[in-house]
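Contents: one structure, followed by commentary.
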Amino acid sequence: ARSQFLETFNAIKVNFEKVFKSFFENGEGTISLSEHEDPLEADIDIHVRTKGKRLQTLSLLSGGEKTLTAISLLFSIYLVKPSPFCILDEVDAPLDDINIGRFTQALKEFSNNTQFITVTHNKRTMEAASTMYGVTMEEEGVSKLVSVKFS
Amino acid sequence: ARSQFLETFNAIKVNFEKVFKSFFENGEGTISLSEHEDPLEADIDIHVRTKGKRLQTLSLLSGGEKTLTAISLLFSIYLVKPSPFCILDEVDAPLDDINIGRFTQALKEFSNNTQFITVTHNKRTMEAASTMYGVTMEEEGVSKLVSVKFS
Amino acid sequence: MYLSKIKIIGFKSFANKTELKFNPGLSCIIGPNGSGKSNIVDAIRWVLGEQRTTALRSDKMENVIFNGTRSRKPMGMAEVSMTIENTKDILKTEYRQVVITRRLYRSGESQYLINNVPVRLKDIIDIFMDTGLGSNSYSVIELKMVESILSENKAERRLLLEEAA
Amino acid sequence: MYLSKIKIIGFKSFANKTELKFNPGLSCIIGPNGSGKSNIVDAIRWVLGEQRTTALRSDKMENVIFNGTRSRKPMGMAEVSMTIENTKDILKTEYRQVVITRRLYRSGESQYLINNVPVRLKDIIDIFMDTGLGSNSYSVIELKMVESILSENKAERRLLLEEAA
Ligand SMILES: Nc1ncnc2c1ncn2[C@@H]1O[C@H](COP(=O)(O)OP(=O)(O)OP(=O)(O)O)[C@@H](O)[C@H]1O
Ligand SMILES: Nc1ncnc2c1ncn2[C@@H]1O[C@H](COP(=O)(O)OP(=O)(O)OP(=O)(O)O)[C@@H](O)[C@H]1O
Ligand SMILES: [Mg+2]
Ligand SMILES: [Mg+2]
């Protein structure tokens, strides 16, 4: 179990470095296991450096940077062990236009292995989808679906 | 102190009922003090009812509905005791287009008594502002201001 | 493996029978605040076996049953069915297509079915073993999780990676 | 009463002296993720006397001083000045215009000034007494507060209403 965990961890780590770089142009990020006798008990540390800064405390990151860092970790896990489907509820809300573009680009690349369903208020995220459902409440308090399918 | 608190509380309550209604077309909201010997120790309960439902648990409200409920309470307090200025950091992120319209409308109405400064990624919120500053990082890691003032 | 259909009736604001069909690839759900989008997300968590009422924004499980409006009475049961195409034989079953159903009655009585055969909650959890699905996994992501993934308390991160390993 | 100017130098990502001028009425601040918008919000909280490092996203106060990049050294001091037009005589002072300044040196030494006269933190807090300003008030609102205002734990709401009463 220990060696399996370490093997999985290292695969996730390699992915994290790649995915993080795709979101943060001039940044670098990695993960590491904290010092511990038993790797199965160690903490997972996240280290990031954005645009020209030296190593950064996660708490000082901006709202959008935190969201992209967390999404990078989640996508890194998917690449190792694809979740067959993944629902994302308004995770794009803190992102600016450029980052929404990078986010939807990443979704398209991973959607070969993982089926993504996003809930969003953002036009660019909508444009990236191939199927779209609208939810409304014509009758008060009762949800109704309107399909706006493209394919 | 007790009668002053009750007087303030009732003024806030009257405002909350009005402001809530301006955000929730078919809804009603109010606040009340929980049962307690000393009103200064009582809890403040929030009761809301949205579109045709009966009284609702706050936790069952949607992301956008929660944001508007909290904003209604904050604006109700401002109407009683205007904070001279108020900074809103991306509170519009969970709101759909129609609610962003109602939100910016409320900001314009209150901006006679309170100076509002909003941080936003949303075009409609930007359009409502009379002064706009853009922040960028031309040199890595160093913020720089670009003024996009209108008036 | 992909989710091809979700059927919702009596669950939260979905008083009327509602079906969503999906293709593999990227889909999105849009609509005004309060219209029911996150309720669909809750329905997916619930049919996968979610037992934590807080993850469903409730204090009791009964709150997921449609609770009525001024013009409609509350309903007596909530039901969600999810159809999964078992294309890569990821699910632990010989079926090509698997329909998972969960029902909850106001009485508190619960039912779980796989392809219309009554099973126990445990059987639903087992079928998703090792797939990265199942309700405690990283298949449903919302903004609140961003804070917990990055927080000082590293337990959340631990759980995520353990699911994968 | 309104905020007419903010001057920031050495505070978080604002290595260069930066001035924002405001009119009464509605203003907005825009820009890409990570560009420094919330840092301006933090600067406003800080100059009003915020002492809780968590409200400034730091574990120590020293973290608000510009901490350098690959091409720039860290700075030795952070300074924020806020100019307030005391139009309705709301502030407890006879001045028509009040400039509040806060400085922090890496040594840990702090300075507070009102119209360039050194004062104590207490004097800054006093000048804002009863105005609904001051760092523990409802003048800076972010999304995290929405959850706490509506949470089961009603202490947050209590605090807000007490500020007003
Ligand atoms: N058991 C129930 N019966 C009826 N209606 C319910 C029930 N539980 C929740 N609701 C209603 O569902 C609505 C919330 O829906 P939901 O959270 O899906 O909205 P949303 O589309 O995600 O909105 P947002 O864009 O604001 O996040 C609330 O108005 C709530 O009253
Ligand atoms: N002491 C410091 N010295 C230099 N840079 C700092 C310091 N503290 C924070 N920063 C940087 O400021 C940036 C965050 O800025 P800020 O939170 O203002 O972004 P933002 O414009 O609000 O972005 P978003 O739209 O994502 O919320 C981070 O990249 C962080 O590295
Ligand atoms: Mg929602
Ligand atoms: Mg920010």
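Below, read A as the first sequence line, B as the second, and so on, with proteins coming before strands; counting in each chain starts at 1. Only heavy atoms go into these numbers, but all of them, side chains included; no hydrogens, no water, no symmetry mates.
With a 6.0 Å radius and a threshold of 12 heavy atoms from other residues, nucleotides or ligands, D:Leu121 has its CG atom above the threshold. Heavy atoms of other residues, nucleotides or ligands lying less than 6.0 angstrom from CG of B:Asn112 number more than 12. Within a 6.0 Å sphere centred on CD of B:Glu7, heavy atoms belonging to other residues, nucleotides or ligands number 12 at most.
Both the backbone and the side chain of B:Val135 come within less than 4.5 Å of a heavy atom in chain D. With a 4.5 Å cut-off on non-hydrogen atoms, B:Ile46 touches chain D through its backbone and its side chain both. Of the atoms belonging to D:Pro24, it is backbone heavy atoms, and not side-chain ones, that fall under 4.5 Å from chain B. Using a 4.5 Å cut-off between heavy atoms, D:Glu147 contacts chain B through its side chain alone, with no backbone atom that close. Both the backbone and the side chain of B:Leu88 come within contact range of chain D, with heavy atoms under 4.5 Å apart. Contact annotation for D:Ser71: only side-chain heavy atoms (C-beta onward) come within less than 4.5 Å of a heavy atom of chain B. With a 4.5 Å cut-off on non-hydrogen atoms, D:Ser38 touches chain B through its backbone and its side chain both. Looking at D:Thr69, only its side chain comes within 4.5 Å of chain B, counting heavy atoms on both sides. Of the atoms belonging to D:Ile44, it is side-chain heavy atoms, and not backbone ones, that fall under 4.5 Å from chain B. Heavy-atom distances place the side chain of B:Glu139, and not its backbone, under 4.5 Å from chain D. Interface residue B:Leu74: only side-chain heavy atoms are found under 4.5 Å from chain D. Proximity to chain D (any heavy atom under 4.5 Å) is restricted, for B:Ile12, to the side chain, taken from C-beta onward.
A donor-acceptor distance shorter than 3.5 angstrom exists from the side chain of B:Thr118 to the backbone of D:Ser27, with no hydrogens or angles considered. Using a distance-only test at 3.5 Å, with no hydrogens or angles considered, a donor-acceptor pair links the side chain of B:Gln115 to the main chain of D:Asn23.
Going from atom CG of B:Leu73 over to atom CE of D:Met145 covers 10.0 Å, rounded to the nearest 0.5 Å. Rounded to the nearest 0.5 angstrom, D:Ile30 CD1 and B:Asn122 CG are separated by 11.0 Å. In this structure, CZ in B:Phe85 is found 10.0 Å from CZ in D:Phe22, a value given to the nearest 0.5 Å. Summarising the geometry, atom CD1 belonging to D:Ile40 is positioned 10.0 Å from atom CD1 belonging to B:Ile87; distances are rounded to the nearest 0.5 Å. Remark: B:Ser111 OG to D:Tyr2 OH distance equals 14.0 Å, nearest 0.5 Å. For the atom pair OG (B:Ser72) and CD1 (D:Ile149), the distance works out to 10.5 Å, reported to the nearest 0.5 Å.
Of the listed residues (B:Ala93, B:Ser76, B:Ala42), the greatest number of heavy-atom pairs within a distance under 4.5 Å of chain D belongs to B:Ala42. Each of B:Asn113, B:Ile77, B:Leu6 has some count of heavy-atom pairs under 4.5 Å with chain D, and the biggest count is that of B:Ile77. Counting heavy-atom pairs closer than 4.5 Å to chain D, the top-ranked of the candidates B:Ile31, B:Thr125, B:Thr67 is B:Thr67. Of all the listed residues (D:Gly25, D:Ala15, D:Gly68), the one sharing the greatest number of non-hydrogen pairs under 4.5 Å with chain B is D:Gly25. Taking D:Glu142, D:Lys12, D:Arg72, D:Arg70 one by one and counting their heavy-atom pairs under 4.5 Å with chain B, the maximum is reached by D:Arg72. Counting heavy-atom pairs closer than 4.5 Å to chain B, the top residue among D:Val146, D:Ile141, D:Leu143 is D:Ile141.
Between D:Arg158 and B:Glu41, none of the side-chain N atoms (NZ, or NE/NH1/NH2) sits under 4.0 Å from a carboxylate O, so this pair counts as no salt bridge. Taking 4.0 Å as the cut-off between side-chain N and carboxylate O, B:Asp45 and D:Lys154 count as a salt-bridged pair.
The two residues D:Leu26 and B:Lys108 make their nearest non-hydrogen contact at CD2-CG, 4.3 Å. B:Met137 approaches D:Ser13 most closely through the heavy-atom pair CE-CB, 3.6 Å.
No side-chain heavy atom of D:Lys37 sits less than 4.5 Å from a side-chain heavy atom of B:Thr120. Under the 4.5 Å side-chain criterion, counting only non-hydrogen atoms from C-beta, B:Leu145 is in contact with D:Leu20.
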